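In what follows, a single structure is set out as structure tokens and then discussed.
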Amino acid sequence: MKKQKKHEILYFALRNNKVRFGFTIILFFLLLTFVGPLLTHYAPYDYVNPKGAQPPSAKHWFGTTMFGQDVFTQFVHGLRATFLVGAIGGALGTFIGIVIGFTAGYRGGIIDEILNMITNIVLVIPTLAILLIIAAYLTVRGILVESLFIGCTAWPWAARAIRAQTFSLRARDFVDLARLSGMKDWRIIFSEIAPNMMSYLLLVFILQFGGAILIAATLDFIGLGPTNAVSLGLMMNNAVLWGALLLGVWWWFIPPGLAITAIVGALYVTNVGLDEVFNPKLREM
Amino acid sequence: MLELEGISKVYRVGTFGGKELHAVSNVSFDIEDGEVVSLIGESGSGKTTIGKMILRLTPITSGMIRFNGVDISTLKGAALKKYCCDVQGVFQDPFCSYNPIFKADRIFGIVRHEFFPGLTGAQWSAKVEGALRAVGLNPPDVLNKFPHQLSGGQLQRFLIARALLLDIKLLVADEIISMLDASTRMDVLNLLADLKPRGLSILFITHDLSLGYYISERAVILYRGCVVEMGSTEKIYSNPLHPYTRLLMASVPRLDKKWEEVEAGLRVRAAGLPGGCVYYDRCPITDQAGCCDSRRPALVEAESGHLVACSQVTGQ
Amino acid sequence: MSLRVENLTVYYQTLKGDVRALERATFSIADGEIMGLAGESGCGKTTLGHSLVRLAPPMRFVEGRVTLDGEELPIWDTERMNDFRFKKISIIPQYAMNAMNPTRKIGRMAAELLRSRRVDFRAKLPELRSRLDLVNLSHDVLNMYPIELSGGMKQRMVMVLSTLLNPSLLIADEITSALDVSSQKAVAEMLVAFRDQGCCKSVMVITHDISILYQIADTILIMYAGQLAEKAATATIIHSPRHPYTRLLISSLPKVGVKQSERRLTGIPGSPPLLLDPPIGCRFRERCPVAFDRCTEVPPFTEIDRDHFVACWKAFEEHARA
Ligand SMILES: Nc1ncnc2c1ncn2[C@@H]1O[C@H](COP(=O)(O)OP(=O)(O)OP(=O)(O)O)[C@@H](O)[C@H]1O
Ligand SMILES: Nc1ncnc2c1ncn2[C@@H]1O[C@H](COP(=O)(O)OP(=O)(O)O)[C@@H](O)[C@H]1O
Ligand code: SF4
Ligand SMILES: [Mg+2]
Ligand SMILES: [Mg+2]
């Protein structure tokens with residue numbers, strides 16, 4: 001019941017090993033997306049090494065691909081794409097989840113039932129099939145299109161979770177009191193209910209972020225990714241396509257694979273840690 | 001001033017909303033200007049539901065509530081806002097009535113934003129301080145604090161002060177002292193009673209008959225959503241007619257008599273709730289040969305200004 | 001002597017420092033005694049109850065000795081207390097009835113609880129049924145979910161579950177506070193029945209409603225701001241209290257048959273001190289109407305009459321004069 005002061009949250013967040021661990025890893029990769037491109041003077045798809053696949057060396061830190069492209073350059077640019085998909089897809093998913101969840105939870109009744117139905121439909125729609133159709137129509141697909149698609153299909157569970165939270169907050173007396181003051185519904189939602197769920201919304205966003213990265217990697221890997229960009233998933237797709245696994249060109253697929261695993265893993269660890277921070281019952285004293 | 005005319009509330013419950021729960025059935029009573037009316041009943045009897053219907057927080061299933069002759073369910077826009085100015089509520093749990101992440105004065109801020117956007121900062125502070133002093137709080141002690149930094153009693157006073165800002169005509173006080181500490185209960189109750197000279201009417205909701213007696217002129221006894229007895233508190237208190245009212249009397253924990261002394265021989269019998277008297281299955285004086293289990297007794301005037309719904313008492 | 005507590009001191013560790021929620025508590029509960037524990041919110045009633053059963057962080061054991069039936073309880077060691085918890089000493093926590101797992105049927109919950117204490121559920125079933133009869137609950141409740149029960153029924157169910165192994169001491173924390181008057185009465189009377197039937201030897205009833213204690217308790221212990229103020233037989237506390245706080249507490253209760261227009265009852269002015277940095281001397285000094293210079297020292301909790309303990313300089317003075 002007690003309000004936790006901001007600095008108290010920060011204190012526990014900084015003391016929580018899971019948050020520290022996850023956050024450090026994410027920060028490291030995020031920095032790499034900014035600093036990385038400055039460290040290389042190639043473009044991702046330039047053929048810079050006529051000798052083809054070469055293991056890591058002083059000139060090409062992560063080695064080169066079968067076509068003689070610099071893996072490090074592709075890696076740092078792909079990392080940027082990955083974060084972009086996570087941010088845009090995650091934000092869009094969270095946003096749609098928030099709008100639908102708040103409306104359904106606050107209004108209840110028939111509106112709730114309709115929105116619930118929509119949520120369930122989106123939940124069971126075969127995403128892959130739709131994507132195949134979209135891929136057939138859009139011959140040129142960018143990171144943005146991919147992120148939008150992910151955002152538009154990943155929100156249902158967020159909407160459900162937010163709806164449930166809104167539902168329980170809505171029954172609290174302070175919401176009744178705000179209604180008695182003649183406050184408009186949307187103002188009640190955003191100034192009374194939402195602030196109470198801030199920690200929850202942050203967790204939803206983190207999970208959506210990680211989820212979007214994972215979905216993007218999967219899509220890229222099966223060849224439904226962007227056609228005009230570089231991403232970690234695409235790197236792995238190409239590596240597999242050109243037999244990197246069989247030929248032992250491990251430096252082509254290990255860095256992107258490892259990075260995706262590390263980022264998504266770190267996000268989940270951060271999520272668990274933050275959960276402990278926000279929920280005093282889970283805090284280790 | 002406020003008239004409840006045969007109001008009922010049915011909730012849909014069960015997994016698919018298949019079952020009906022009659023929380024309030026056909027309740028009628030009125031509240032005069034400047035009158036304190038107690039609504040008394042055990043938990044689940046529908047007291048809060050009635051309060052929420054009056055406050056327009058929950059829709060009425062059937063029946064009508066009239067405020068100064070106007071059906072409140074038809075109010076819209078400016079008229080609705082005026083109604084909010086006239087009728088306000090204070091709820092049971094002081095800690096749930098505040099948004100825990102904001103300072104407690106926020107409840108005043110909302111009122112200012114919605115009703116007094118024209119006032120200057122100084123005018124507004126003066127108004128708030130006046131209201132706080134009227135509820136016995138010292139403004140510098142309590143302003144600018146978070147809800148958890150204030151006691152339950154202070155928080156309830158805050159809510160009463162909020163209602164006073166609006167210059168209300170009717171206050172719905174739903175069990176406002178049952179969550180408070182023994183040492184502050186009486187003070188909050190006195191504060192409520194002291195508002196009467198302002199011409200305020202109060203609907204005082206409680207489960208404790210003795211508290212209702214302490215501050216109100218009239219009492220309405222509710223059992224399973226039905227009014228079983230109503231009238232002047234004095235008469236009900238000195239001569240409780242309905243067996244349920246007597247049970248309520250016997251259950252009040254008191255410091256002068258032990259329960260055994262007060263208790264009348266009460267039998268508890270298990271039976272369903274048929275179309276008959278709502279209190280049939282727990283009633284010690286029911287007549288098995290009679291019609292208690294088949295006909296719902298109507299409210300009948302037993303003496304002037306004192307109504308009861310029990311066929312055994314009224315002899316109908 | 002069923003329970004004996006000596007010098008028990010328990011603090012809460014917080015970022016701002018120690019909250020001194022219980023200091024130097026010394027009292028005992030006899031076999032078959034129902035002791036009421038009363039005081040304002042935040043005076044340390046729950047802290048006292050919990051420290052006897054499960055003293056877990058942020059609570060910190062500072063000093064003290066607790067013996068139950070002649071055996072010392074290792075209350076500072078949560079692991080070793082497992083042997084006593086639920087079997088010898090059992091607690092019904094504040095808000096327990098709202099803490100029941102809503103997705104478990106009551107019967108399943110009981111079975112899990114017993115299994116966690118390595119007791120055979122089947123063997124206990126007949127006993128469980130007879131206890132349900134004792135509290136007027138039908139046997140069907142075992143197949144119901146908690147939401148299907150009313151507050152009073154839930155509270156009685158919790159009582160049955162926590163006394164199933166016939167503990168020596170049952171601690172009931174505010175089990176009547178959230179109920180309406182008729183359920184309050186039913187639950188309170190059942191506590192007495194439990195004691196009479198030997199379901200538990202002695203009971204500690206925590207509440208801030210002294211009128212309930214008057215109805216069921218044999219003795220009453222009054223606490224104020226983390227310290228014991230007065231303990232005596234119920235009649236003595238109600239009719240001839242010695243501590244000024246006890247007197248004010250009793251006079252602040254609603255009286256039956258009083259109308260505000262005829263006789264105005266009042267509460268206790270002021271509020272209890274913060275326990276993070278409690279005042280020196282008697283902690284009630286600020287609100288006490290009869291405080292005098294002596295009160296800057298801490299009054300010891302002393303037996304002034306047989307079984308009548310009080311901690312107040314004024315009371316000592318009055319007693320010496322009488
Ligand atoms: N987890 C905690 N951390 C810090 N302080 C605490 C904690 N729990 C309780 N306290 C403090 O310890 C003191 C005693 O609290 P306790 O819960 O024992 O009171 P109580 O007498 O049971 O009150 P109530 O009638 O409200 O249940 C209070 O000052 C309270 O603020
Ligand atoms: N939102 C709701 N949905 C379904 N049933 C409800 C709801 N609110 C109250 N009830 C039911 O209506 C009855 C009356 O409740 P309430 O008015 O809260 O009683 P009281 O205030 O007298 O304790 C109870 O049986 C309760 O369970
Ligand atoms: S010791 Fe002094 S201050 Fe404390 S209660 Fe007694 S008279 Fe009052
Ligand atoms: Mg209620
Ligand atoms: Mg407590």
Side-chain angles (χ1 to χ4, degrees), chain B residues 36 40-45 47 92-93 150-154 175 177-190 192-194 196 206-211 213-217 233-234 237-238 244 247-260 262-263 266 268 270 282, chain C residues 38-43 136 138 147-148 150-152 176-186 188-189 192 207-216 224 234 237-239 245 248-272 274 287:
Chain B
V36 181
I40 306 172
E42 64 186 19
S43 80
S45 58
K47 310 182 296 290
Q92 176 167 8
D93 186 342
L150 298 167
S151 72
Q154 284 173 323
E175 306 225 29
I177 60 165
S178 63
M179 305 271 290
L180 298 186
D181 233 313
S183 61
T184 44
R185 280 184 175 188
M186 278 340 272
D187 291 329
V188 172
L189 204 56
N190 284 334
L192 211 55
D194 293 343
K196 268 191 279 186
T206 179
H207 60 85
D208 190 334
L209 198 62
S210 64
L211 296 181
Y213 180 74
Y214 184 66
I215 73 162
S216 66
E217 284 100 51
T233 16
E234 224 108 326
Y237 189 82
S238 56
Y244 177 63
L247 170 79
L248 278 181
M249 283 281 270
S251 306
V252 173
R254 42 206 291 167
L255 278 176
D256 49 348
K257 280 190 204 146
K258 297 250 173 173
W259 278 326
E260 304 92 73
V262 190
E263 202 166 315
L266 287 160
V268 178
R282 275 164 68 183
Chain C
E40 277 164 287
S41 185
C43 70
N136 270 329
S138 105
I147 37 163
E148 297 176 59
S150 73
T176 55
S177 305
L179 305 176
D180 59 73
V181 280
S182 43
S183 317
Q184 268 179 1
K185 181 175 169 217
E189 284 178 339
V192 180
T207 177
H208 59 245
D209 197 344
I210 299 183
S211 26
I212 299 226
L213 294 181
Y214 174 66
Q215 302 289 337
I216 62 165
Y224 182 76
T234 302
I237 291 280
I238 304 292
H239 301 299
Y245 177 63
L248 282 174
L249 201 58
I250 288 171
S251 71
S252 73
L253 292 175
K255 305 270 181 307
V256 172
V258 174
K259 258 204 172 321
Q260 202 245 5
S261 43
E262 289 151 13
R263 181 172 152 219
R264 196 185 166 91
L265 303 167
T266 54
I268 309 179
S271 54
L274 291 179
R287 297 166 84 187

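Bear in mind the structure is a predicted one, so any value in this text is a computation, not a measurement. Letters A, B, ... mirror the listed sequences (proteins, then strands); counts begin at 1.
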Go through the steps to decide whether Val256(C) and Met249(B) satisfy the test side-chain contact (heavy atoms from CB on, under 4.5 Å), and finish with yes or no. CA-CA 10 Å; Val256(C) 172; Met249(B) 283 281 270; over 6 Å; no
Does any non-hydrogen side-chain atom of [Y] lie less than 4.5 Å from one of [X]?
X: Arg263(C); Y: Tyr214(B); value: no
X: Arg264(C); Y: Asp194(B); value: yes
X: Ser182(C); Y: Leu247(B); value: yes

Region of Leu213(C) in contact with chain B, defined by heavy-atom distances below 4.5 Å: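 Looking at Leu213(C), nothing touches chain B.
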Examine whether an atom of Ile238(C) lies under 4.5 Å from a heavy atom of chain B, and if so say whether it belongs to the side chain, the backbone or both; otherwise answer neither.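 Contact with chain B: side chain only.
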Can you tell me how far apart [atom1] ([X]) and [atom2] ([Y]) are? Round to the nearest 0.5 Å.
X: Lys259(C); Y: Ser216(B); atom1: NZ; atom2: OG; result: 5.5 Å
X: Ser261(C); Y: Glu217(B); atom1: OG; atom2: CD; result: 8.0 Å
X: Leu253(C); Y: Arg185(B); atom1: CG; atom2: CZ; result: 8.5 Å
X: Leu189(B); Y: Thr266(C); atom1: CG; atom2: OG1; result: 12.0 Å

Given Pro254(C), which of Leu211(B), Val252(B), Ile177(B) fulfils the side chain to side chain contact (heavy atoms under 4.5 Å, CB included) condition?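 That would be Leu211(B).
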Expected output: side-chain Lys255(C) to main-chain Arg254(B) donor-acceptor under 3.5 Å: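 It does not hold such a pair.
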Which atoms of Tyr237(B) come close to chain C, meaning under 4.5 Å heavy atom to heavy atom: side chain ones, backbone ones, both, or neither?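 Only the side chain of Tyr237(B) comes within 4.5 Å of chain C.
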Nearest heavy atoms of [X] and [Y], plus distance in Å:
X: Pro253(B); Y: Val181(C); result: CD-CG1, 4.0 Å
X: Ser183(B); Y: Glu40(C); result: OG-OE2, 2.8 Å
X: Asp180(C); Y: His207(B); result: CA-ND1, 3.3 Å

Heavy-atom pairs under 4.5 Å with chain B, option from Leu274(C), Ile268(C), Leu265(C) with the top count: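 The candidate making the most pairs under 4.5 Å is Leu265(C).
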Looking at Asp208(B), Ile215(B), Leu180(B), Asn190(B), which makes the most heavy-atom pairs under 4.5 Å with chain C?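 Heavy-atom pairs under 4.5 Å are most numerous for Asn190(B).
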